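None of these values were measured; they are calculated from a predicted model.
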Amino acid sequence: MIYAAIGVYEYHLISNSTVSAHYLQGAVSTLKNTMQHLRDPGDLSYYCLKYSVKNPNYHPKHVWLLRSIYDFSGIEEFSAMADSIQTDTRSD
């Protein structure tokens, strides 16, 4: 979903249409409302929410992806969530 939102952002950059702005706003809003489900405090973030799958290789990607969303949206919650996920570690 986060990669898809970045794709919508890039499409909006080239089209600059009201339709693409609407889709971008929807994608960012959806991520803002659901990103807390990615995090498992003190452990790896979830790669797949449906099956509660975690992937140690994907954990740092969540940090990068959330920072990317913050960079173009300016919504501070994305940066804060990236910071939180970055500090989480596997607690085996």
Side-chain angles (χ1 to χ4, degrees):
M1 172 62 191
I2 304 174
Y3 278 115
I6 292 170
V8 172
Y9 167 70
E10 290 178 349
Y11 177 72
H12 179 65
L13 285 177
I14 61 170
S15 72
N16 199 27
S17 71
T18 55
V19 172
S20 65
H22 176 75
Y23 286 132
L24 179 58
Q25 181 181 3
V28 170
S29 178
T30 298
L31 285 172
K32 185 178 173 187
N33 292 329
T34 59
M35 70 179 167
Q36 72 274 7
H37 299 294
L38 293 174
R39 186 167 182 233
D40 185 6
D43 203 349
L44 295 174
S45 56
Y46 289 102
Y47 170 76
C48 174
L49 296 177
K50 183 174 182 177
Y51 298 107
S52 299
V53 174
K54 296 179 180 183
N55 181 329
N57 297 319
Y58 210 82
H59 186 82
K61 288 178 181 65
H62 277 139
V63 173
W64 177 82
L65 289 165
L66 290 167
R67 290 200 197 291
S68 296
I69 298 293
Y70 167 73
D71 287 344
F72 71 74
S73 73
I75 298 172
E76 186 60 40
E77 289 93 338
F78 290 111
S79 180
M81 181 59 73
D83 290 343
S84 295
I85 288 176
Q86 188 169 21
T87 62
D88 291 330
T89 58
R90 191 164 188 108
S91 58
D92 289 8

Open item on the list: Within the structure provided, determine whether E10 and L24 are in side-chain contact (heavy-atom separation under 4.5 Å).
Closed with: no
Open item on the list: How long is the straight-line distance from OG1 of T87 back to CZ of R39, given to the nearest 0.5 Å?
Closed with: 5.5 Å
Open item on the list: Once rounded to the nearest 0.5 Å, what's the spacing between atom CD1 of I6 and atom CG of D71?
Closed with: 9.5 Å
- [ ] Indicate, with yes or no, if V63 and M1 share a hydrophobic cluster defined by side-chain heavy-atom contacts under 4.5 Å among Ile, Leu, Val, Met, Phe, Trp and Tyr.
- [x] yes
Task: Minimum heavy-atom distance A5-I69, with the two atoms named - done: CB-CD1, 4.0 Å
- [ ] Would you check if H37 and Y46 make a side-chain contact, meaning some heavy-atom pair closer than 4.5 Å?
- [x] no
- [ ] Could you tell me which non-hydrogen atom of H12 sits nearest to which non-hydrogen atom of A21, and how far apart they are?
- [x] ND1-N, 3.4 Å
Open item on the list: According to a hydrophobic-cluster definition based on side-chain heavy atoms being under 4.5 Å apart (Ile, Leu, Val, Met, Phe, Trp, Tyr only), do Y70 and M81 belong together?
Closed with: yes
Open item on the list: Do V28 and L31 land in one hydrophobic cluster if side-chain heavy atoms of ILVMFWY residues count as linked below 4.5 Å?
Closed with: yes
Open item on the list: When you measure from the side chain of H59 to the backbone of I85, do you find a donor-acceptor pair of N or O atoms at a distance under 3.5 Å?
Closed with: yes
- [ ] Please report the closest heavy-atom contact between P60 and N57, naming both atoms and the distance.
- [x] CD-O, 3.7 Å
Task: Aromatic plane relationship, Y58 with Y47 - under 30° parallel, 30 to 60° tilted, over 60° perpendicular - done: perpendicular
Task: H62 side chain near I2 side chain, heavy-atom distance below 4.5 Å - done: yes
Open item on the list: Contact between S45 and K54 at the side-chain level, heavy atoms closer than 4.5 Å - yes or no?
Closed with: no
Open item on the list: Return the OG to CE distance between S84 and M35, rounded to the nearest 0.5 Å.
Closed with: 9.0 Å
Task: Distance, nearest 0.5 Å, that separates CG of L49 from CG of L38 - done: 5.5 Å
TODO: Starting at CD of Q36, measure out to OG1 of T34 and round the result to the nearest 0.5 Å.
DONE: 6.5 Å
Open item on the list: Same cluster or not: Y3 versus F72, using hydrophobic residues (I, L, V, M, F, W, Y) connected whenever any side-chain heavy atoms lie under 4.5 Å apart?
Closed with: yes
TODO: Find the distance between CD (Q25) and NZ (K32) and round it off to the nearest 0.5 Å.
DONE: 11.0 Å
TODO: Starting from the C-alpha separation in whole Å, work towards a yes-or-no answer on side chain to side chain contact (heavy atoms under 4.5 Å, CB included) for E77 and L66.
DONE: CA-CA 9 Å; E77 289 93 338; L66 290 167; over 6 Å; no
Open item on the list: Applying a strict under-4.5 Å side-chain criterion to I, L, V, M, F, W and Y, I'd like to know whether V19 and V8 cluster together.
Closed with: yes
